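Quick caveat, the model's predicted, so the values are computed rather than measured. Quick note on labels: first sequence line is chain A, next is B, and so on, each numbered from 1.
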2 protein chains.
Amino acid sequence: MLFGMHPHQDGPLARLRRGHEDLVLELLRKHGPLSRAELGQHSGLSRTTLSDIVTELIESGAVVATAPETAPRRRGRPVEALTLNPSAGQAIGIDFARRAVHVSAVNVAHEVIGSASEPHDPGLPWEERIALAERLVGTLADGALRLGALNAIGVGVVGPVGDPDSGPPEPCPSADLPALLRKRFEAPVLVDNNTRLAALAEATWGAAAGGQDVLYLRLSHGVGGGLVVGGSLHRGAYGLSGEFGHIAVESGDGRCSCGATGCLETVASVGAVLAAYRRAGGHADGLAALLGALEAGDPVALRTLEAAAVHIGTVLAAVCNAVGPGVIVLGGELAAAGTPLFEPVEQALRAHIMPISRDRVDLRPATLGEAGGALGAIALVLHESPLLSHYPARPG
Amino acid sequence: MLFGMHPHQDGPLARLRRGHEDLVLELLRKHGPLSRAELGQHSGLSRTTLSDIVTELIESGAVVATAPETAPRRRGRPVEALTLNPSAGQAIGIDFARRAVHVSAVNVAHEVIGSASEPHDPGLPWEERIALAERLVGTLADGALRLGALNAIGVGVVGPVGDPDSGPPEPCPSADLPALLRKRFEAPVLVDNNTRLAALAEATWGAAAGGQDVLYLRLSHGVGGGLVVGGSLHRGAYGLSGEFGHIAVESGDGRCSCGATGCLETVASVGAVLAAYRRAGGHADGLAALLGALEAGDPVALRTLEAAAVHIGTVLAAVCNAVGPGVIVLGGELAAAGTPLFEPVEQALRAHIMPISRDRVDLRPATLGEAGGALGAIALVLHESPLLSHYPARPG
């Protein structure tokens, strides 16, 4: 969901123009400093078009024009070299999680400059969460980060996020959020669900780095996930893709928060597994205690987790048959259980996935932890902002 | 899976060049005849680049240079206008089904020129199937179709088709097929599974025309399907996406042709439904008889179909929760049953889909029938051939 672009900025001509800006940035990223003449040769753009594009990139601070000392002078004028501005921030990622704000930033060379986070009370008002995000961004790169050339802000939020045409499927966590952020940072804002963003982050920088087709399942207080398809985040028609926690499981009869019954979430969330453990006679006041019992080899804990794992593996197999991913990433607090979870998940997955796919899909633990949402928000910006996406073979 | 491009044709420079060709074709498609000067203004390309591109398009027959009678003459030379060549075929679709060959063609303006098909013995050798396809293509547009500018051939085949990097997941129906076709038609060949192509066709010209996120399920002698994601055909990491027929159903214990047990196909294929009908005491020597019994209101036939429909709806709900489509299209011979199938499918779908998605997804019967594979093969070419895809907002 993109906020903050004027309507005319998204027409065919604006897209063409951004494609050209893209090309110029990409050439500078690959070749290092180039003269205008060299840029013209590499890009195939006319002098007039190129001049417009370069002027705008210099004005925005993304590109700087320098006269190298060694440059020969002709008619008294040094040959100007154009380079990316290394201290210009190009994208910020902010994850507004339930009880914490996480931020990350990248520069024009697409390097992650740094990450920061701070926990807060779940009831903290949105204005204060945004102020917290702004403070955290200020701490990145020792405060040397220049935000003038900021191209877009990626934002992760809890709950479903719709597409711009049909609007969000239910009230946004804060309807004013994009407007508030745009005002603070003076840049377009891209918003998506933070679990889906974690999927994109794992496929970009995490357990499935470089993966084009990735299934991410998060086992936490809720059960959710995301799909990366052809290297891009998958949203579905209404921003409701990746809701693996609400796929029905065999003989499931538990009432789910979504309003349906028998969802995977009712048997595989942290709370559901803890409740099942207690029903089976186990004692655990929280996940840490359950994880301890698993590590100590408590057979009741192991059997309880295995029962959940069979459902998880069966649902993963169904999704694999539908979308054929190359990698499955398991994240969320419950994934910390390790082998006692992964082994039975893998067994159930292999039992129900098409035999031809059995040895083609790889099950891995997530590696990015809590930073996933903010990093995924940046990946979203790098993938989706026309200015920053690759040219001409633009993803998704 | 693209065959027939030389490796260097797929490098960044070749992509850039094809992006430019693309832009020129798109401008001629939108504006009608244009002079070179006008093309230069609209495209922002330099004179040298534009001249190269136009020369190549004229040589390939895609574009013709004409001197309009009304053109003012300057220095004795008429102002040349460039137009699309209306008799130049731009893409052919061929569906090599089990017992028939279907073909379709589009011209440079992306209009479907015509379709043709002919049944054959399932054992017909590949050379003869290809010769049959060639004869059928010759009958299109009364033989006036000019194939010199043919940009690509889309081909549908039975069975899984992998991606170019990992190779096909199992022996291709004919490993020589792309080479044989390339030789006959002198154009690159794009191959995909014909059920998946039917999904793309329904999303392009059929029941879900214009749909960006479409789930297609085909209930035939096998049960398969395809996903359209963001307007493009979804393949998955190994070309194994859309295998909805192999998702496990509750209490399923039938052995499936894929090697697993309990797959949807074991309860919802035409053969499985017929067998269940006979086990329940019904008499039907084939699908036509069963459809007749359904129409006559035979309660055994209705109950049998309903049992299959519940499994179908449950699997569709699982896939919907995972990928969030806007439209579900039901095709294949069994879909001809109409309401006795669609009603219980919809009920089961609504029972298991996330409540928030319930009224967002639309269940529709397929409309393209047997032509779906060939039409989808053309849609594949229009989407994926860099020359024919849209610029700069290229799909997928």
Worksheet item: Is there side-chain contact between B/Asp213 and A/His234, with heavy atoms separated by less than 4.5 Å?
Response: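 Yes, close enough: below the 4.5 Å cut-off.
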Item to complete: Please look at B/Glu250 and chain A and tell me whether the side chain, the backbone, both or neither of the residue comes under 4.5 angstrom of a heavy atom of that chain.
Response: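 For B/Glu250, heavy atoms of backbone and side chain both lie under 4.5 Å from chain A.
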Worksheet item: Measuring heavy-atom distances to chain A, does B/Val319 have an atom under 4.5 Å in its side chain, in its backbone, in both, or in neither?
Response: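 Interface part for B/Val319: side chain.
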Practice prompt. Identify, with sequence neighbours excluded, every residue that meets side chain to side chain donor-acceptor pair (under 3.5 Å) alongside A/Asp52.
Written response: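 Listed in chain order: nothing, the list is empty.
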Worksheet item: Given the options A/Gln212, A/Met354, A/Arg358, A/His352, which has more heavy-atom pairs under 4.5 Å with chain B than any of the others?
Response: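 With the most close heavy-atom pairs to chain B, the winner is A/Met354.
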Fill in: Interface residue of largest heavy-atom contact number with chain B, from A/Ala248, A/Gly242, A/Gly225, under 4.5 Å
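When all of A/Ala248, A/Gly242, A/Gly225 are compared, A/Gly242 has the most.
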Practice prompt. Mark yes or no for whether A/Asn321, through its side chain, and B/His246, through its backbone, hold a donor-acceptor pair below 3.5 Å.
Written response: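 Checking the backbone N and O of B/His246 against the side chain of A/Asn321, a donor-acceptor pair under 3.5 Å is found.
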Minimum heavy-atom separation for [X] and [Y], please, with both atom names.
X        : Y        : value
B/Pro325 : A/Ala237 : C-CB, 3.7 Å
B/His20  : A/Ser43  : CE1-O, 3.9 Å
A/Arg360 : B/Leu240 : CD-CD1, 3.8 Å
B/Ala260 : A/Pro355 : N-CG, 3.8 Å
B/Ile247 : A/Ala322 : CD1-CB, 4.4 Å

Item to complete: Using a cut-off of under 4.5 Å on heavy-atom pairs, state which of B/Val323, B/Thr49, B/Thr261 scores highest against chain A.
Response: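 Among B/Val323, B/Thr49, B/Thr261, the one with the most close pairs to chain A is B/Val323.
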Practice prompt. Mind ranking B/Gly326, B/Gly226, B/Ala318 by heavy-atom pairs under 4.5 Å with chain A and telling me who comes out on top?
Written response: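 Max contact count across the listed options: B/Ala318.
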Worksheet item: Is it the backbone or the side chain of A/Ala317 that comes under 4.5 Å from a heavy atom of chain B, or both, or neither?
Response: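 Answer is neither: A/Ala317 stays 4.5 Å or more from chain B.
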